[in-house]
Engineer: 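Questions regarding the structure given below will be posed in turn.
These figures come from a predicted structure and were not determined experimentally.
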Amino acid sequence: MSKVITIDNVARLEGHASVTLYLDKDGGVEKAEYLATEPSRGFDIIFKGKHASEVPMLAARICGICYTAHNICACKALEDAWETPIPDSAKKIRELLLFANTLASHALHTFFLAGPGLLIEGANTIADLQKKYPDFPEAGIELRMIGQQISEIIAGRKVHTTIAVPGGVLGVLEQEKQDNIMKLLDSASEPIEIMEDYSHRILSDRKDYMLSFGMIETHFLALKQSKRLELYDNPIELLMKNGKVDILTPTQILERITEEKKDYSYVRHPYITDLGSDNGQFRTGALARIQEDASWDNPTFHEFKKIFGTFTQSTMGYDIARVAEMVECIKGMKNIIKSGLDKDIKNVAHQKDGIGVAVVEAPRGLLLHQYEIDSEGIVRKARVIAPTTFHQGSIERSTFEAAKIVLNGKKGKCSDEEKIKIEQAIRAYDPCMSCAGATQLRVIKKPI
Amino acid sequence: MGINVSTIQLGGCSGCHVSILDIGKDLFKGGINIVHSYLLMDKVTATIEAETDILIIEGAILTNRDEDLVKCMAPHAKKVVAIGSCACFGGIACLGNLETPFRPQKGDFNKSDHKLHPLVCSPKAFIDVDYFISGCPPPANVIRDVLFALVEGKPVPEIAHTVCDECDRERTGEPPPIPPGGKWKTALDEAPDPKKCFLEQGYLCLGRQTIGGCNASCIKANMPCEGCRGPILLHRGFKKFTDEEKKEILRCLK
Ligand code: SF4
Ligand code: SF4
């Protein structure tokens, strides 16, 4: 008799998801299914019929973690439809916001969500962590607050920042605010060091685990990186398993992917059409970014490259890549402020009919927004593909690999402790289920 | 020692949970034991039966499971706090009701317990809520004030003023003019003057109608208020919501 194991409501991730494992009669794992159990709040329906000027503000509400990316991506898509350029300082302010948000999101994930299970095998709460390594969560809270406070200085609020609007941003960043941001960034040096220490400790204590747990083979999709972390604007690179690189436009991404409907999940599984559903899986996010020509300069980045090599498929590498990115976020913000900002922050946007599409790098990976607008500025159709949507198939495959390792020799038994261990592979992706089911367009033959 | 707090998320965006975390170190300084929270701990360590003093609810009722969950958890709690505009009035999630909602088609995932609720609505339709902290999300300091008042057994602070009262922009004192043809300026136009009242400049700002408490934070960053804390008329202070909405929701569901 074969057996079914369910992990109901995977904890410590944003939103709701479950896992079903199918075992054969000897207890070997045959199949894993990753279930998005929450239906979409239907943002395609919410956007439809609204004036486009309201969209960026509503789009931020798709996700309570990466609101900045949604807000900015919606603006970029509208600017694409209306051919509106934005002033240089507006771009810099948007980048500051993306860095601040990525810092806060990664800190939340590294310390609260993934941290316990990475540092102590099988540990599951911050309380466990606090007992053994008290300074680690402290540093986490501090880094997160620094990111959130910077968002607050720029946009007035910590969560759901909606300061970006089509044509630029609304608020000028005065000298005083810049100084305050600089002060906050200076205070980040100590906690970020603590964090780099821990990432080093994880790598030295559990190297084999980090290299092999939940490993799968996929392609990678991300903005091309440079000497700094690029989150806002750069060519999109598809890095294939075989090392070949394709440059894509946002529209080409839409043309090249198919979103496969699953009868066990509310979220579809996208893959590259011409490569098929098995070979065409791709991943985005920290692990993809660090491999797209990144040449950052920080100890964690160098250690990552030393241990994982220039090209890696190790799923757990995500957790280390995030630490390297946090360091880059802090550096990136400092450099932007040093480069100077002026008062020219907003161009007037002229509405006309058209289709606009854009991507930005959200903390979890590439985020894509597409809108069809009529001449009155009313949204006719909207589509959002979030990084976690792209990851559905990969998460499922990683869960499968992780379950095979954890349940090996357990004769079909799966205790709570083992479930927690399997979940750690899911958590590496930092999935955000509220984003994943943002829109529910059902017929996805052609891009809208 | 201290009080036990459980948090649950229904159909929401996690933003309200993030705002709870934004309270920062104070949250962990003692007095508050988080006994159940899907975001902060593993499910297995936190049982629903855990002794809960305060149940915090984020999000609107989106699925049948959400309805069951609040009905099952609320009776265990001494006080129920709805946090965020989704939980208080339906918020963003409810906008999905405006057009034909998602109807599962053949081949779509549609397990019975996760079926879309016939009407996306605030949980107050099914349970008694003691305190409403509105906002999208509510500012961390407002959540903190309410939580710590409950911890210390003090009266929960009331807010009976508008965002407009917290705004320090220059006003002429005249009633703001309605722009010609009712055409308000939008986010597409030039950036507003950071010192003058938005309404007097022709930008639509909802500060006059909106519950205060956020310290007019958006306005200080030069964004007109979008009214995320909800209309002051519905709600004066944290407790007094009208029963009318609840009746309306139940009527629609029939
Ligand atoms: S009230 Fe706003 S922040 Fe809270 S769950 Fe709803 S959309 Fe998210
Ligand atoms: S100013 Fe308005 S939109 Fe901004 S936080 Fe306050 S109530 Fe919400």
Engineer: Please walk me through it: do Phe43(A) and Leu95(B) pass side chain to side chain contact (heavy atoms under 4.5 Å, CB included)?
Structural biologist: CA-CA 9 Å; Phe43(A) 273 89; Leu95(B) 283 175; over 6 Å; no

Engineer: For Gln9(B), is it the side chain, the backbone, both, or neither that has a heavy atom closer than 4.5 Å to a heavy atom of chain A?
Structural biologist: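 Its backbone and side chain both get close to chain A.
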
Engineer: Side chain, backbone, both or neither: which part of Cys86(B) has a heavy atom under 4.5 Å from chain A?
Structural biologist: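 For Cys86(B), no heavy atom lies under 4.5 Å from chain A.
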
Engineer: Based on non-hydrogen pairs under 4.5 Å, which of Val165(A), Ile163(A), Ile141(A) is most in contact with chain B?
Structural biologist: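 Top option by heavy-atom pairs under 4.5 Å: Ile163(A).
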
Engineer: Which is it for Leu188(B) and Val348(A) under the side chain to side chain contact (heavy atoms under 4.5 Å, CB included) test, yes or no, and what are the steps along the way?
Structural biologist: CA-CA 6 Å; Leu188(B) 307 192; Val348(A) 175; 5.8 Å; no

Engineer: Is it true that, when you exclude Ile178(B) itself, more than 12 heavy atoms of the residues, nucleotides or ligands shown sit nearer than 6.0 Å to its CD1?
Structural biologist: no

Engineer: Counting only non-hydrogen atoms closer than 4.5 Å, does Pro194(B) touch chain A with its backbone (N, CA, C, O), its side chain (CB onward), both, or neither?
Structural biologist: neither

Engineer: Heavy-atom cut-off 4.5 Å, strictly under: side chain, backbone, both or neither for Leu78(A) against chain B?
Structural biologist: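 Neither part.
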
Engineer: For residues Ser53(A) and Ala187(B), report the shortest heavy-atom separation together with the two atoms involved.
Structural biologist: O-CB, 4.1 Å

Engineer: Evaluate side chain to side chain contact (heavy atoms under 4.5 Å, CB included) for His160(A) paired with Cys13(B), printing each intermediate quantity in order.
Structural biologist: CA-CA 10 Å; His160(A) 290 332; Cys13(B) 71; 3.4 Å; yes

Engineer: Looking at Val18(B) and Gly64(A), what are the two nearest heavy atoms and their distance?
Structural biologist: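 Reported closest heavy-atom pair: CG2-O, 3.4 Å.
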
Engineer: Looking at Ala60(B), Gly12(B), Gly11(B), which makes the most heavy-atom pairs under 4.5 Å with chain A?
Structural biologist: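 Among Ala60(B), Gly12(B), Gly11(B), the one with the most close pairs to chain A is Gly12(B).
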
Engineer: Please evaluate residues Lys346(A) and Asn222(B) with respect to the criterion side chain to side chain contact (heavy atoms under 4.5 Å, CB included), reporting the C-alpha separation (whole Å), side-chain torsions for both, the decisive distance (0.1 Å), and the verdict.
Structural biologist: CA-CA 12 Å; Lys346(A) 176 83 172 76; Asn222(B) 209 20; over 6 Å; no

Engineer: Pick whichever of Val169(A), Leu173(A), Thr162(A) has the most heavy-atom pairs under 4.5 Å with chain B.
Structural biologist: Thr162(A)

Engineer: Do Arg61(A) and Glu226(B) pass the salt bridge (charged side-chain N to carboxylate O under 4.0 Å, His left out) test, and can you show the C-alpha distance, the side-chain angles, and the key distance before you say yes or no?
Structural biologist: CA-CA 13 Å; Arg61(A) 267 73 186 195; Glu226(B) 53 205 29; 2.8 Å; yes

Engineer: Do you know the tightest heavy-atom contact between Pro192(B) and Leu170(A)?
Structural biologist: CD-CD2, 3.7 Å

Engineer: So, for Cys136(B) and Arg157(A), which heavy atoms are closest and what is the spacing to 0.1 Å?
Structural biologist: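 That closest heavy-atom pairing would be O-NH2, 2.7 Å.
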
Engineer: Which pair of heavy atoms, one from Ser217(B) and one from Gly156(A), lies closest together, and at what distance?
Structural biologist: CB-O, 3.0 Å

Engineer: Can you tell me how far CD of Glu190(B) sits from CD1 of Ile345(A), rounded to the nearest 0.5 angstrom?
Structural biologist: 11.5 Å

Engineer: Checking heavy atoms, do the side chain of His350(A), its backbone, both or neither come under 4.5 Å from chain B?
Structural biologist: neither

Engineer: Are any of the side-chain heavy atoms of Arg144(A) and Asp22(B) separated by less than 4.5 Å?
Structural biologist: yes

